[in-house]
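The next block holds one structure in the form of structure tokens; read it before the comments.
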Number of protein chains: 2
Amino acid sequence: MSTDLTRTAILRAAERLYADRGFGEVTLRDIVAAADVNLAAVNYHFGSKDELIAELFVTRSIALNRERLNELKAAEAEGNGRAPIEAVLRALIGPTLRGCLGPGSERSDAARFMIRASIETIPPIRKIKNREIDHLRKFAAAMRRSLPGKSDEDIYWGLHFALAMAHQTVRDSERLTRLSDGKCDVDDVIGVIERVVAVATLALTGGGAAGSEKTAARRR
Amino acid sequence: MSTDLTRTAILRAAERLYADRGFGEVTLRDIVAAADVNLAAVNYHFGSKDELIAELFVTRSIALNRERLNELKAAEAEGNGRAPIEAVLRALIGPTLRGCLGPGSERSDAARFMIRASIETIPPIRKIKNREIDHLRKFAAAMRRSLPGKSDEDIYWGLHFALAMAHQTVRDSERLTRLSDGKCDVDDVIGVIERVVAVATLALTGGGAAGSEKTAARRR
DNA sequence: TTGCTTTTCAAACGTGTGTATGAAACTATC
DNA sequence: GATAGTTTCATACACACGTTTGAAAAGCAA
């Protein structure tokens, strides 16, 4: 079986290219050129371009979800089944941010690929993505255990906002750097994680009621 | 001159299709079919597909930025040059959210198109986008006026997070709805705006130090 | 009307794409 | 070393895309 060198060469090249340029801008010929294999190899090993993308996405999804859940489990074990909300949030957004940010060498194609996949929704990925909801529900449940007082609505909004901040920081790190003239250092991965966790925690706990029912008036 | 009916028919159809399906999934033939005009009309009136997209984006950018700035100016005028931070944030994210969320009829293709454009960065748009930074700087300045004590770093992170939350709420409203089994109502536009504003305000003011220098330790 | 410009239209062109083919090269088992 | 199975390769195919073309139609001034 020999671990199929060609197969993995294609996978790695495709992942890197998709992460760098996005799905729309990468052709099969780009991939085989980068992997230094023949054009027909993709269809031979994967069947089609879409199946290649799907395999990539499924593999990485599973790995990311496992990493998140491992961190969550560890945190909950440490607190006898109830982790502080900060730890839950850290388990949720840490893996992606650690993989995507940071100076050069330590950036992972895998994490950046997943961000791309979550942005550019293309057909082969769309179907698989539904499972993510089940995964996120586990985090919602953990958050509920951490904050027994909070309503489901607030929990879900907090989860949503935490992902939004982490996500956009990866996506638009360049804009933030330029906008702030380098004052916001997205290469300080731990700092970014703590900042997102802090804000999300505030959103969930701070002020008491951060939008708890009063859709009332306001706004001119 | 007659207002060039064909031209605007193409623009409207293109905007709607791009907003619905994204740039990668819409062909010129789709557009002319929806606009009920001949295929060659696009090249005749706009020169190329990219120029059509660029015109669409420039027009809508200007309109959105003007709307934001008008709200900002109004808020600052009301407070003699210094608006409460909530009002500044509301001026920043309100226009987009009002245009994108809400039940059916009141959703605007324009706002949804702009969200698409901010997600799927395609060549014709990339170049123009740099101007957005200058626009956002005006909001950073207004925020600095509202919160004289805060560091630039915190200001920019707050701006960034506010946009992130608003943005992702539009992009992934469906996921949030499904995840929360409808408990999070994204059709309650005012409620969503106030929630984002509240969290962003907390991020900027709450807790005192939401990540103010201590990159120290934490996290295994 | 006439003559000129502007706009529409059907059809075709060239290119880049994902995919298929069939022969050649390789690998392993007997 | 011959044979069968697997993998590679150059090449070609079919198709969809953005764009071009040249003629027909419409608009409009005199």
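Just so it is clear, the structure is predicted and the values come from calculations on it, not from any experiment. Letters A, B, ... are given to chains in the order of the sequence lines, protein chains preceding strands, and every chain is numbered from 1.
- Considering only the side chain of A:Asn38, D:dA10 comes nearest among D:dA10, D:dT19, C:dA10.
- Under 3.5 Å, the side chain of A:Arg29 and the base of C:dG16 form no donor-acceptor pair of N or O atoms.
- Considering only the side chain of A:Ser48, C:dT19 comes nearest among D:dT19, D:dC17, C:dT19.
- In this structure, NZ of B:Lys49 is placed 9 Å from P of D:dC17, rounded to the nearest angstrom.
- Rounded to a whole Å, the CD atom of B:Glu25 is 15 Å from the P atom of D:dA16.
- Note on A:His45: every side-chain N or O is 4.0 Å or more away from OP1 and OP2 of D:dT6.
- We find that CD1 of B:Ile31 is positioned 11 Å from P of D:dT19, with the value rounded to whole Å.
- Between B:Arg195 and A:Asp154 there is a salt bridge, since at least one side-chain N of the basic residue sits less than 4.0 Å from a carboxylate O of the acidic one.
- Test A:Thr59, A:Leu56, A:Asp4 against A:Leu11 for side chain to side chain contact (heavy atoms under 4.5 Å, CB included) and you get one pass: A:Leu56.
- Ion pairing between a basic and an acidic side chain is recognised when a charged N comes within 4.0 Å of a carboxylate O; B:Asp134 and B:Arg131 show no such pairing.
- Residue B:Thr6 places at least one side-chain N or O closer than 4.0 Å to OP1 or OP2 of C:dT8.
- Between the P atom of D:dC17 and the CZ atom of B:Phe23 lies a distance of 17 Å, rounded to the nearest Å.
- Of the candidate nucleotides D:dC17, C:dT19, D:dT19, C:dT19 has the atom lying nearest to any side-chain atom of A:Leu28.
- Rounded to whole Å, atom P of C:dT8 lies 12 Å from atom CG of B:Asp36.
- Looking at heavy-atom distances under 4.0 Å, B:Ala40 makes contact with a base.
- Per the geometry, CG belonging to A:Leu39 stands 10 Å off C1' belonging to D:dA10, to the nearest Å.
- A side-chain N or O of A:Tyr156 and one of A:Arg144 form a donor-acceptor pair less than 3.5 Å apart.
- One can place CG of B:Asn43 at 18 Å from P of C:dA11, the figure rounded to the nearest angstrom.
- Checked against D:dA12, C:dT8, C:dA11, the side chain of B:Tyr44 finds its nearest nucleotide in C:dT8.
- Atom-to-atom, CZ of A:Arg7 to C1' of D:dT8 comes out at 16 Å; the value is rounded to the nearest Å.
- Along DNA chain C, the nucleotide nearest A:Asp30 and the nucleotide nearest A:Gly47 are compared for position; the residue whose nucleotide lies closer to the 5' end is A:Asp30.
- In this structure, A:Arg112 does not pair ionically with A:Glu15, as no charged nitrogen and carboxylate oxygen lie closer than 4.0 Å.
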